[in-house]
Amino acid sequence: MSSFTVISYSPKLEMVSLYNDKFQLTKDFSISLIEENTEKIYRITISKGAIWDGLSIPKPFRWFMSEIDYTNELYSAAGLVHDCLYASELLSKSISDDIFRSILRSAGMTRFKASTAHLCVKMFANCHYGIKH
């Protein structure tokens with residue numbers, strides 16, 4: 001498992017809530033991360049208009065983690081970045097999943113919650129890798 005650290009991101013994640021627990025980006029969003037063991041820097045820019053479903057948390061489990069957090073933009077960006085990496089296939093599924101976990105940790109999530117979300121993504125999101133939204 002690779003470990004990343006967020007080194008910068010757009011100052012504001014601007015989005016609107018759509019139907020069926022979907023969200024749409026209303027302004028371009030950028031994030032930069034560094035891979036700790038290689039010092040490689042990843043710069044990811046997601047264009048205005050991108051649609052995602054937050055962190056894809058099933059409703060019965062939203063007591064544990066919310067799908068979106070309007071007060072923590074980096075937390076909300078974790079789902080956006082992960083969904084866009086999966087759709088674009090620019091990075092491997094494994095690296096995309098590791099970036100997701102690292103963004104959650106950078107957003108202040110406990111290691112337990114971020115690791116639980118990471119495990120769920122690894123176990124249940126295989127069928128979504130490469131699917132364009």
Ignoring hydrogens, what is the shortest heavy-atom contact between [X] and [Y]? Give both atom names and the distance.
X    : Y   : result
I68  : G54 : CD1-CA, 4.1 Å
M15  : T26 : N-OG1, 3.6 Å
H118 : D98 : NE2-OD1, 3.0 Å

Without placing hydrogens or testing angles, list every side-chain donor-acceptor pair under 3.5 Å for residues 109-117, not counting sequence neighbours.
from: T110; atom 1: OG1; to: K113; atom 2: N; distance (Å): 3.1
from: K113; atom 1: NZ; to: F64; atom 2: O; distance (Å): 2.9
from: S115; atom 1: OG; to: R101; atom 2: NE; distance (Å): 3.2
from: S115; atom 1: OG; to: R101; atom 2: NH2; distance (Å): 3.0
from: S115; atom 1: OG; to: R111; atom 2: O; distance (Å): 2.8
from: T116; atom 1: OG1; to: F112; atom 2: O; distance (Å): 2.7

Give, for atom [atom1] of [X] and atom [atom2] of [Y], the distance between the pair rounded to the nearest 0.5 Å.
X    : Y   : atom1 : atom2 : value
M65  : L55 : CE    : CG    : 5.5 Å
S92  : I99 : OG    : CD1   : 8.5 Å
D53  : L80 : CG    : CG    : 10.5 Å
I103 : T5  : CD1   : OG1   : 11.0 Å

Evaluate the side-chain contact (heavy atoms from CB on, under 4.5 Å) criterion for residues S106 and F4: first the C-alpha distance (whole Å), next the side-chain angles of each, then the deciding distance (0.1 Å), finally the verdict.
CA-CA 9 Å; S106 294; F4 297 85; over 6 Å; no
Who are the ring-ring contact (aromatic ring centres under 6.0 Å, His included) partners of F29, not counting sequence neighbours?
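With neighbours one apart ignored, the set is empty.
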Check whether any side-chain N or O of [X] sits under 3.5 Å from a backbone N or O of [Y] as a donor-acceptor pair, and report yes or no.
X   : Y   : value
Q24 : G49 : yes
S10 : K12 : no
S76 : D69 : yes

Might you work through the side-chain contact (heavy atoms from CB on, under 4.5 Å) test for L90 and I44, ending with a clear yes or no?
CA-CA 10 Å; L90 290 173; I44 302 164; over 6 Å; no
Do the ring planes of F23 and W52 sit parallel (below 30°), tilted (30 to 60°) or perpendicular (above 60°)?
tilted
From E36, R105, E35, residue fulfilling side-chain contact (heavy atoms from CB on, under 4.5 Å) relative to S3:
E36
Please determine which of L85, I31, L25 meets the side-chain contact (heavy atoms from CB on, under 4.5 Å) test together with I46.
L25
Any link between I95 and I34 through a network of hydrophobic side chains (Ile, Leu, Val, Met, Phe, Trp, Tyr) touching at under 4.5 Å?
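No; tracing contacts between hydrophobic side chains, which count when under 4.5 Å, never links both residues.
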Same cluster (ILVMFWY, side-chain, under 4.5 Å), V81 and Y70:
yes
Salt bridge (Lys or Arg N to Asp or Glu O under 4.0 Å) partners for D28, two or more places apart:
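If we apply the salt bridge (Lys or Arg N to Asp or Glu O under 4.0 Å) test to D28, skipping adjacent residues, there are no hits.
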Please step through side-chain contact (heavy atoms from CB on, under 4.5 Å) for the pair Y86 and D97, ending with a clear verdict.
CA-CA 9 Å; Y86 263 40; D97 293 347; 2.7 Å; yes
Can you find a pair of side-chain heavy atoms, one from N20 and one from L18, that are under 4.5 Å apart?
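No - every pair of side-chain heavy atoms lies 4.5 Å or more apart.
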Would L91 and Y42 count as a side-chain contact (heavy atoms from CB on, under 4.5 Å) here? Give the steps.
CA-CA 10 Å; L91 299 173; Y42 292 74; 3.7 Å; yes
